[in-house]
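These notes are about the structure you will find just below.
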2 protein chains.
Amino acid sequence: MNSNIATIITTCHTCQLSDLCLPYGLNVNEIESLEHIIRNKRPLQAKQLLYSKGDECKSLYVVKSGGFRSFLINAEGSEQTINFYLPGELMGLDALFSGSFCSSIDALVTSAVCELPLNRLNELCDKIPNLQHQMTRVLSKEISHNHDQLVLFGNNSAKIKLASFLLILSKRYELLGCSSTEFNLTMRRHDIANFLSLSDETVSRQFTALSKDKIISVNQRAIKILDLDLLKSIVEHSEEEDSLFFNKRASKAM
Amino acid sequence: MNSNIATIITTCHTCQLSDLCLPYGLNVNEIESLEHIIRNKRPLQAKQLLYSKGDECKSLYVVKSGGFRSFLINAEGSEQTINFYLPGELMGLDALFSGSFCSSIDALVTSAVCELPLNRLNELCDKIPNLQHQMTRVLSKEISHNHDQLVLFGNNSAKIKLASFLLILSKRYELLGCSSTEFNLTMRRHDIANFLSLSDETVSRQFTALSKDKIISVNQRAIKILDLDLLKSIVEHSEEEDSLFFNKRASKAM
DNA sequence: CGACTCTTTGACTGCATTCAAGCTCCGTGG
DNA sequence: CCACGGAGCTTGAATGCAGTCAAAGAGTCG
């Protein structure tokens, strides 16, 4: 059937994403070894689960196209979105510790992944030091990315949260070679709200507020950033305006 | 001077923390190799910096005693606390990606660390596959720990945040072989507030609220958990009570 | 076309922040 | 030894931002 398509897709050295992905820093032979262990799952439809929390982790996954979200379900049964994944990003890294997935992941839109069987990946890491180092780098990157996210949540105001969110997305799209000022959101308002710990209505209100100020234009999931500097200034000057020299609570100790 | 003390301290196989630390899963010879690369820095006083964001990462550090906090300074100059570190926990993992530290760390109280020079640690990882795997596990653990933290922040209510914070601390102290119901906070109220993205006053109010309900007793930084189940129920039943059919308001702790 | 999901908008309530003042603890120096 | 001062913590009162509830608009699909 379309097995030839799968073959094409699994070729790292013709993949536009390879610089953002595991092959980064590997030589031609090493990339070829990596290619041989990659399997392709059939594309996932929106809302379809890639894996569930608690499942044994037999593979890691790289986003090939589309987008995903990871989430946890807390004691009351409500979801908390942990992260969004764009093409080139590795999913499942939190499972390496315990051997089973610590969160669930589903597709936001129709999406494709590269599957990396863990046993073969580990074998390869033992053989190719560069790959092992790249794995370590990817893990470390995920940690520092999570830290940035925690800082984002430290800014309590809904306006700042949404502005930060858009700026982060803008950067990630730029890295992918897409436009940094014009892109389509892969996620629904509800997903954004849940991710930012806001209500759906608040997210909606902030979108319209940013529109009215001509900072962005919104049409459904299509976003245009009209004034990048103004968007940045929302995040940066959050507290300066009102209190420059007077009691700034949090920032006493250098 | 006290170089003999330093020698004693750097012996992993006599260290109570070794099961929580890098030596976990290593055999006697491997632990000995690891011991040889460990250096000891002199103890740090409260508020003293271990490293600053942007510094080149030449070493990783393990908390030997005391406690630390990592933090970032955002555009306005105010701090955001990212994480607290208790004995046995590895600091600096977010630097492996870029080679320089992505956050700053200072001591909360007088504290000691084991220093692991990165170049020697990497050499050792290449030689000892078990150590490399353990490093990967520690990195992965940090990621899933960060995810739990993000979920914590998803629960907006100040009461739930503080209850979760205390429960997480309780578990970590238990792992260290300390009492899970009676411990001293290493951090000030301000640090907790900053970490939980709350104001100092709100944290204080929630402490007194928990005291009045006889769930905990507070004396300065000394905490006793009087009713662990009730504390857990605050986190778990956060939304069940109210959104069944009525507005909550009337229903208290039943 | 109707049923559905997703999104927007409005009105109201409440929780956490903010501002302000008083308290406790602790080290320092008279 | 007590007085003093400062840092950290607690408490009170008022404001405002975001959540909740409710309903209607917009887009999608069978």
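Each chain gets a letter, A, B and so on, in the order the sequences are listed, and its residues count up from 1.
- The side chain of B/Ser157 has C/dA16 as its nearest neighbour among C/dT7, C/dA16, D/dC9.
- One can place CD1 of B/Ile160 at 14 Å from C1' of C/dA16, the figure rounded to the nearest angstrom.
- Taking atom CG of A/Asp200 as the reference point, atom P of C/dT8 lies 10 Å away to the nearest angstrom.
- Within 4.0 Å of A/Lys47, counting heavy atoms only, lie sugar-phosphate atoms of the nucleic acid but no base atom.
- Note: CE (A/Met187) to C1' (C/dT7) measures 16 Å, nearest angstrom.
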Which donor-acceptor pairs under 3.5 Å do side chains of residues 168-177 of chain A form with protein atoms, sequence neighbours excluded?
{"residue": "A/Ser170", "atom": "OG", "partner": "A/Ser180", "partner atom": "O", "Å": "2.7"}
{"residue": "A/Arg172", "atom": "NE", "partner": "A/Glu89", "partner atom": "OE2", "Å": "3.3"}
{"residue": "A/Arg172", "atom": "NH2", "partner": "A/Phe84", "partner atom": "O", "Å": "2.7"}
{"residue": "A/Arg172", "atom": "NH2", "partner": "A/Glu89", "partner atom": "OE1", "Å": "2.9"}
{"residue": "A/Arg172", "atom": "NH2", "partner": "A/Glu89", "partner atom": "OE2", "Å": "3.4"}
{"residue": "A/Tyr173", "atom": "OH", "partner": "A/Asn184", "partner atom": "O", "Å": "3.2"}

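- Per the geometry, NE2 belonging to B/His190 stands 22 Å off P belonging to C/dC25, to the nearest Å.
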Could you walk me through whether A/Arg189 and A/Glu201 pass the salt bridge (Lys or Arg N to Asp or Glu O under 4.0 Å) test, one step at a time? CA-CA 9 Å; A/Arg189 298 283 187 277; A/Glu201 295 92 333; over 6 Å; no
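- Looking at residues two or more places apart in sequence or on another chain, you find no salt bridge (charged side-chain N to carboxylate O under 4.0 Å, His left out) involving A/Asp200.
- Atom CZ of B/Arg189 is separated from atom C1' of D/dT11 by 14 Å (rounded to the nearest Å).
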Would B/Lys214 and B/Asp227 count as a salt bridge (Lys or Arg N to Asp or Glu O under 4.0 Å) if you check the C-alpha gap in whole Å, the side-chain angles of each, and the deciding distance to 0.1 Å? CA-CA 7 Å; B/Lys214 311 274 187 203; B/Asp227 194 331; over 6 Å; no
side-chain contact (heavy atoms from CB on, under 4.5 Å) assessment of A/Asp94 paired with A/Ser103: CA-CA 8 Å; A/Asp94 57 351; A/Ser103 54; 3.2 Å; yes
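- Phosphate contact (OP1/OP2 of D/dA18, side-chain N/O of A/Thr202, threshold under 4.0 Å): absent.
- Recorded end-axis angle for the helix from C/dC1-D/dG30 to C/dG30-D/dC1 stands at 30°, based on five pairs per end and rounded to 10 degrees.
- Among the nucleotides D/dA18, D/dG19, D/dT10, the one closest to the side chain of B/Ser204 is D/dT10.
- Atom NZ of A/Lys161 and atom C1' of D/dA18 are 10 Å apart (whole Å).
- The separation between B/Arg205 atom CZ and C/dA21 atom P is 16 Å, rounded to whole Å.
- When the P atom of D/dC9 is taken as reference, atom CG of B/Leu198 falls 15 Å away, rounded to whole Å.
- With distances taken from any side-chain atom of A/Ala158 to the nucleotides D/dA18, D/dC9, C/dT8, the minimum falls on D/dA18.
- Partner of B/Ile225 under the side chain to side chain contact (heavy atoms under 4.5 Å, CB included) criterion, chosen from B/Thr181, B/Leu230, B/Ile215: B/Thr181.
- Of the residues in residues 207-225 of chain A, those with a non-hydrogen atom less than 4.0 angstrom from any atom of DNA chain D are A/Gln220.
- Among residues two or more places apart in sequence or in another chain, the ring pair (Phe, Tyr, Trp, His ring centres under 6.0 Å) test is passed with A/Phe207 by none.
- Using a 4.5 Å heavy-atom threshold, the side chains of B/Leu20 and B/Leu17 count as touching.
- Here C/dT9 is the nucleotide among D/dG19, C/dT9, C/dA16 with the atom lying nearest to any side-chain atom of A/Glu201.
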Per-pair distances, 0.1 Å, donor-acceptor, side chain in residues 45-56 of chain A, under 3.5 Å, sequence neighbours excluded:
{"residue": "A/Gln48", "atom": "OE1", "partner": "A/Gln45", "partner atom": "N", "Å": "2.8"}
{"residue": "A/Tyr51", "atom": "OH", "partner": "A/Gly92", "partner atom": "N", "Å": "3.3"}
{"residue": "A/Asp55", "atom": "OD2", "partner": "A/Ser52", "partner atom": "N", "Å": "2.9"}

